[in-house]
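This one's a predicted model, so the numbers in the text were calculated from it and none came from an experiment. If you read the sequence from its start, that first residue is 1, and numbering goes on from there.
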Amino acid sequence: MAFRQWMRYLTPDARHRRLGLVCLGVGHQQGMLPVVGPRVLPHHVAVVVDEGSGWFSQAGGPATEVEAPAVIWLLPGVEHHYAPRAPGWSEWFVDFTGPAAHAYQDLGFVDPECPVTPLTTAGPAVHAIGRIAQAVRRGGPYLEVETSAIVHEVLVALRHARAGEDPLGHPVLESLARHACLPVPISEHARRLGMPLAELRRAVRRLAGISPKDYVLSIRLNQAKDLLATTDLPIAAVARRVGYDDPAYFTRLFTRRAGLPPSEFRAQQYRGFR
């Protein structure tokens with residue numbers, strides 16, 4: 001049966017790859033497309049299916065049903081095999097690579113455990129991939145930089161559109177953020193949420209890609225930076241405001257994560273605001 005396809009591929013050089021994430025290709029295909037694979041690629045691909053249905057198999061495993069809207073994650077070094085079912089589907093794809101691609105995977109934006117991820121909508125990701133296609137058609141000296149920047153937008157759009165999750169937040173993360181500066185351990189946050197500590201750890205890892213401790217710490221340090229830059233509160237008072245009774249411990253923690261002591265951060269950023 002007939003199908004339509006458009007695709008282009010890029011060859012970013014070593015300077016572009018230092019951006020951390022580069023686009024290697026983009027395309028749009030529609031109709032009863034030929035079966036893909038089995039094959040193995042050395043990089044990541046996001047295949048966004050916005051119409052139709054099909055199947056996907058990874059590493060020789062059983063076929064998983066694909067129902068639009070969904071994204072199929074093709075992982076580097078992992079054999080994959082997929083195709084639409086009659087009368088065909090519409091797919092938009094972007095190939096990408098770089099250290100940031102693995103960081104996105106570590107943070108849960110790309111889920112190896114769920115290579116076929118249902119979406120609430122494919123619209124924002126398709127729009128972003130379409131902008132990559134427009135840039136490739138247009139060309140120009142900034143093509144590799146521009147397309148690489150938009151790949152970040154594609155990955156964020158796909159994370160926001162993941163089915164079964166509120167794109168504006170999650171009650172578990174909202175509760176942790178709201179109470180992050182209370183001087184209580186993570187076990188107390190779990191108790192307040194009415195869930196076992198192990199379950200809280202799994203939930204935050206799935207939602208934010210990090211541990212509850214790191215999630216709370218990031219919120220505390222962000223708040224500390226705001227206070228250091230916009231008030232003249234003593235360091236000890238800032239520490240207490242963000243949940244640390246021991247200012248020396250707060251200073252060590254801040255220095256380790258921010259790369260400089262709180263006093264130096266204030267000297268750089270303070271503008272006399274009240």
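- To the nearest 0.5 Å, atoms NE2 (H16) and CG (L19) are separated by 7.0 Å.
- Side-chain atoms of R4 do not come within 3.5 Å of backbone N or O of Q30 as any donor-acceptor pair.
- For the pair P185/E188, a side-chain contact is recorded, criterion being any heavy-atom separation below 4.5 Å from C-beta on.
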Where do H179 and H189 land on the side chain to side chain contact (heavy atoms under 4.5 Å, CB included) test, with the steps shown first? CA-CA 8 Å; H179 301 116; H189 286 289; 3.8 Å; yes
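- In this structure, CD1 in I72 is found 7.0 Å from CD in E91, a value given to the nearest 0.5 Å.
- Two residues are said to be in side-chain contact when any heavy atoms from C-beta on lie closer than 4.5 Å; S218 and R257 meet this criterion.
- Ring geometry for H44 against F96 counts as parallel: the plane angle stays under 30°, on a 0 to 90° scale with 60° as the upper cut.
- Atom-to-atom distance recorded for I186:CD1 and L176:CG is 6.5 Å, nearest 0.5 angstrom.
- Considering only heavy atoms from C-beta on, V116 stays 4.5 Å or farther from Q58 through its side chain.
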Kindly indicate, with the supporting measurements, whether the criterion side chain to side chain contact (heavy atoms under 4.5 Å, CB included) is fulfilled by L227 and Q223. CA-CA 6 Å; L227 292 170; Q223 178 67 16; 4.0 Å; yes
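- The number of heavy-atom neighbours closer than 6.0 Å to CZ of R131, taken from other residues, nucleotides and ligands shown, is above 12.
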Please evaluate residues Q269 and L228 with respect to the criterion side chain to side chain contact (heavy atoms under 4.5 Å, CB included), reporting the C-alpha separation (whole Å), side-chain torsions for both, the decisive distance (0.1 Å), and the verdict. CA-CA 8 Å; Q269 302 298 334; L228 290 167; over 6 Å; no
Just do the side chain to side chain contact (heavy atoms under 4.5 Å, CB included) check on C23 and I150 with the steps written out, would you? CA-CA 9 Å; C23 178; I150 303 174; over 6 Å; no
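- The line from OG1 of T121 to CG of L158 is 10.5 Å long, rounded to the nearest 0.5 Å.
- No continuous path of ILVMFWY side-chain contacts below 4.5 Å connects L193 to V184, so the two sit in separate hydrophobic clusters.
- The shortest distance between side-chain heavy atoms of S148 and L21 does not fall below 4.5 Å.
- Looking only at side-chain heavy atoms (C-beta outward), Y9 and T11 stay at 4.5 Å or farther from each other.
- Linking ILVMFWY residues whenever their side-chain heavy atoms come closer than 4.5 Å, directly or via other members, leaves W55 and M32 in distinct clusters.
- The two atoms that bring L197 and A190 nearest to each other are CA-CB, 4.0 Å, heavy atoms only.
- Checked by atom type and distance alone, the side chain of D214 never pairs as donor or acceptor with a backbone atom of L217 at under 3.5 Å.
- Atom CZ of R159 is separated from atom CG of L107 by 10.0 Å, given to the nearest 0.5 angstrom.
- Closest non-hydrogen pair, V49 versus A68, comes out as O-CB, 3.5 Å.
- In the hydrophobic clustering of this structure, V22 does not group with L155; members are Ile, Leu, Val, Met, Phe, Trp, Tyr whose side-chain heavy atoms approach within less than 4.5 Å, directly or through other members.
- Looking at F56 and V47, their side chains never come closer than 4.5 Å, going by heavy atoms from C-beta outward.
- Nearest approach of A224 to V242, heavy atoms of both residues: N-CG1, 3.7 Å.
- The aromatic rings of H28 and W92 lie parallel to each other, with less than 30° between the two planes, well short of the 60° mark.
- Between R85 and E65, at least one side-chain nitrogen of the basic residue sits less than 4.0 Å from a carboxylate oxygen of the acidic one, meeting the salt-bridge criterion.
- Using a 4.5 Å heavy-atom threshold, the side chains of S211 and R205 count as touching.
- Between the CD atom in Q134 and the CZ atom in R138 there is a gap of 7.5 Å [rounded to 0.5 Å].
- Between W89 and E51 the shortest heavy-atom distance is CB-O, 2.8 Å.
- Looking at R202 and E199, no side-chain N of the basic residue comes within less than 4.0 Å of a carboxylate O on the acidic one, giving no salt bridge.
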Are H160 and T120 close enough, and set up right, to give a side-chain hydrogen bond (donor to acceptor under 3.5 Å, both in side chains), and what steps lead you there? CA-CA 9 Å; H160 276 299; T120 55; over 6 Å; no
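- V66 and F3 fall within the same hydrophobic cluster, defined by Ile, Leu, Val, Met, Phe, Trp and Tyr side-chain heavy atoms under 4.5 Å apart, directly or through other members.
- F250 approaches Y244 most closely through the heavy-atom pair CD1-CD1, 3.7 Å.
- Within 6.0 Å of CZ on R137 lie more than 12 heavy atoms contributed by other residues, nucleotides or ligands.
- When hydrophobic clusters are built by joining Ile, Leu, Val, Met, Phe, Trp and Tyr residues whose side-chain heavy atoms come closer than 4.5 Å, directly or via intermediates, L119 is grouped together with Y104.
- Closest approach of W73 to F109, counting heavy atoms only: CZ2-O, 3.5 Å.
- Looking at heavy atoms from C-beta onward, E144 lies out of side-chain contact with D13 at the 4.5 angstrom threshold.
- Under a 3.5 Å cut-off, the side chain of R220 and the backbone N or O of L182 do form a donor-acceptor pair.
- A donor-acceptor pair is defined here as one N or O able to donate and one able to accept, closer than 3.5 Å; such a pair exists between the side chain of T251 and the backbone of P247.
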